[in-house]
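So you know, we letter chains A, B, ... as the sequences are listed, proteins then strands, and number each from 1.
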2 protein chains.
Amino acid sequence: MKNFDLVFKALADPTRREVLRMLSGGERTAGELSDAFELGRPSMSHHFAVLKEAGLVRSRREGTQVYYALDTTVLEDVLARLWDHLGLKDPRKEDRP
Amino acid sequence: MKNFDLVFKALADPTRREVLRMLSGGERTAGELSDAFELGRPSMSHHFAVLKEAGLVRSRREGTQVYYALDTTVLEDVLARLWDHLGLKDPRKEDRP
DNA sequence: CGCTTATTTCGAAATCCGTCGAAATACGGG
DNA sequence: CCCGTATTTCGACGGATTTCGAAATAAGCG
């Protein structure tokens with residue numbers, strides 16, 4: 001995968017992981033997400049950009065505000081690949097040899 | 001889990017992920033692992049320490065050399081938790097209250 | 001066009017991270 | 001003991017990352 005690196009870099013930050021967790025409940029505006037953290041808007045905007053760059057998130061503008069949403073396809077692919085890559089068993093399937 | 005943060009920090013580096021991949025084939029000595037990369041021994045030793053600190057790897061000394069082995073329990077737990085925690089299940093729910 | 005709200009971009013400071021060479025530690029064997 | 005091999009610790013350097021405030025952009029509204 002191309003973005004393997006970007007994805008893990010993105011996941012390395014706790015704030016960004018928390019943003020992803022919030023987005024798992026549905027899309028949120030940049031402002032809503034920012035209000036959940038004690039960080040300035042510019043800092044949060046930067047985190048959003050990192051997540052987007054990694055393909056973990058997509059955004060859509062509606063009027064003056066921007067909605068962010070989880071893009072699960074990349075995460076699923078990366079995690080599955082990691083599992084495979086490391087020769088681990090997929091937790092989604094509980095098969096035993 | 002003990003420390004979510006350390007695990008993701010550990011996985012953020014491509015060299016460390018490659019070390020994990022190598023270890024998925026069985027344990028290796030520090031020297032064997034180091035020889036697979038174009039990095040100095042001190043750098044590799046540092047990476048081993050990070051992986052160990054995160055609980056992704058365990059070590060055992062035999063004579064003058066140190067064997068490293070993958071500890072899959074932490075990885076399985078973390079990835080499963082990530083999968084679950086982010087709600088990466090197929091029927092995606094939309095919107096919010 | 002000016003005004004307000006929402007968000008991003010820019011530039012700079014502080015901190016973190018990966019890497020190195022030199023030195024230190026750990027072991028086993030003369 | 002001292003030597004050789006294997007590995008780790010130390011101290012430092014450079015580059016990346018996080019954060020901020022100020023300024024810039026975007027969009028709706030009168």
Side-chain angles (χ1 to χ4, degrees), chain A residues 2-23 25-71 78, chain B residues 3-23 26-71 78 95-96:
Chain A
K2 190 171 69 105
N3 306 357
F4 220 74
D5 247 55
L6 291 178
V7 172
F8 282 105
K9 284 278 178 62
L11 291 175
D13 187 280
T15 298
R16 289 193 288 262
R17 289 199 304 273
E18 179 64 12
V19 167
L20 291 179
R21 196 193 60 78
M22 289 182 67
L23 289 179
E27 64 179 12
R28 300 275 191 284
T29 70
E32 286 174 331
L33 292 169
S34 297
D35 288 342
F37 300 85
E38 294 182 345
L39 286 179
R41 302 298 164 111
S43 302
M44 292 304 295
S45 193
H46 163 69
H47 286 307
F48 301 154
V50 172
L51 288 170
K52 197 170 176 180
E53 181 77 9
L56 296 173
V57 140
R58 59 181 189 276
S59 68
R60 126 185 112 81
R61 177 176 278 273
E62 186 169 316
T64 74
Q65 35 196 13
V66 173
Y67 284 83
Y68 282 97
L70 244 186
D71 190 340
V78 167
Chain B
N3 206 343
F4 226 72
D5 231 64
L6 291 178
V7 173
F8 282 104
K9 286 279 175 60
L11 290 175
D13 187 277
T15 298
R16 288 193 289 262
R17 289 199 304 272
E18 179 64 12
V19 167
L20 291 178
R21 197 194 60 79
M22 290 182 67
L23 289 179
E27 63 179 12
R28 301 273 192 284
T29 70
E32 286 173 333
L33 292 169
S34 297
D35 288 343
F37 299 85
E38 295 183 344
L39 286 180
R41 302 299 164 111
S43 301
M44 293 304 294
S45 193
H46 163 69
H47 286 309
F48 300 153
V50 172
L51 288 171
K52 196 169 177 182
E53 180 78 10
L56 297 173
V57 140
R58 59 181 189 275
S59 69
R60 134 183 104 80
R61 178 175 279 273
E62 186 170 316
T64 75
Q65 36 195 13
V66 173
Y67 285 83
Y68 282 97
L70 197 62
D71 188 340
V78 168
D95 262 27
R96 58 194 171 80

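Between the C1' atom of dA16(D) and the CG atom of Asp5(A) lies a distance of 13 Å, rounded to the nearest Å. Remark: P of dA6(C) and CZ of Arg28(A) are 17 Å apart, rounded to the nearest angstrom. Atom CG in Asp35(B) sits roughly 13 Å away from atom C1' in dT7(D) (whole-Å rounding). For Phe37(A) and dT19(D), the CZ to P distance is 11 Å, given to the nearest whole Å. Put simply, NE2 on His46(B) is 23 Å from P on dA6(D), counting in whole angstrom units. When the P atom of dA6(D) is taken as reference, atom CD of Glu32(B) falls 11 Å away, rounded to whole Å. Taking atom CD of Glu38(A) as the reference point, atom P of dT18(D) lies 18 Å away to the nearest angstrom. The separation between Arg41(B) atom CZ and dC20(C) atom C1' is 14 Å, rounded to whole Å.
For Tyr68(A), a side-chain nitrogen or oxygen approaches OP1 or OP2 of dT8(C) to under 4.0 Å. Between Ser43(B) and the phosphate of dC20(C), there is a side-chain N or O to OP1/OP2 separation shorter than 4.0 Å. One finds a side-chain N or O of Ser45(A) lying less than 4.0 angstrom from the OP1 or OP2 phosphate oxygen of dT8(C).
The number of heavy-atom neighbours closer than 6.0 Å to CD of Glu18(A), taken from other residues, nucleotides and ligands shown, is above 12.
Contacts of Ser34(A) with the nucleic acid, taken as non-hydrogen atoms under 4.0 Å apart, are absent.
Of the residues in residues 47-54 of chain A, those lying under 4.0 Å from DNA chain C by heavy-atom distance are Phe48(A).
Among Asp71(A), Asn3(A), Leu11(A), Val19(A), the single residue meeting the side chain to side chain contact (heavy atoms under 4.5 Å, CB included) criterion with Leu56(A) is Leu11(A). In summary, of the residues considered (Asp13(B), Val57(B), Leu23(B), Leu70(B)), a side chain to side chain contact (heavy atoms under 4.5 Å, CB included) with Leu51(B) occurs for Val57(B) alone.
Map Pro42(A) and Thr15(A) each onto its nearest nucleotide of DNA chain D; the residue landing nearer the 5' end is Thr15(A).
When each of dG28(D), dT8(C), dA6(D) is scored by its nearest atom to the side-chain atoms of Val66(A), the top-ranked nucleotide is dT8(C). The Arg16(A) side chain lies nearest to dT18(D) when the options are dT18(D), dT7(D), dT9(C). Looking at the side chain of Leu39(A), the nearest of the listed nucleotides dC17(C), dG28(D), dT19(D) is dT19(D). Proximity note for Gln65(A) (side chain, C-beta onward) versus dT17(D), dG18(C), dA6(C): the nearest is dA6(C).
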Pairs under 3.5 angstrom only: tabulate donor-acceptor contacts from the side chains of residues 61-69 of chain B to other protein residues two or more places apart or in another chain.
residue, atom, partner, partner atom, Å
Arg61(B), NH1, Gly63(B), O, 3.3
Arg61(B), NH1, Thr64(B), O, 3.3
Glu62(B), OE1, Arg60(B), NH1, 2.5

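How far CZ of Phe37(B) is from CE of Met44(B): 4.5 Å, rounded to the nearest 0.5 Å. Expressed to the nearest 0.5 Å, how far CD of Glu38(B) lies from OG1 of Thr15(B) amounts to 10.5 Å.
Panel note: side chain Arg28(A), backbone Leu33(A); no donor-acceptor pair is recorded below 3.5 Å.
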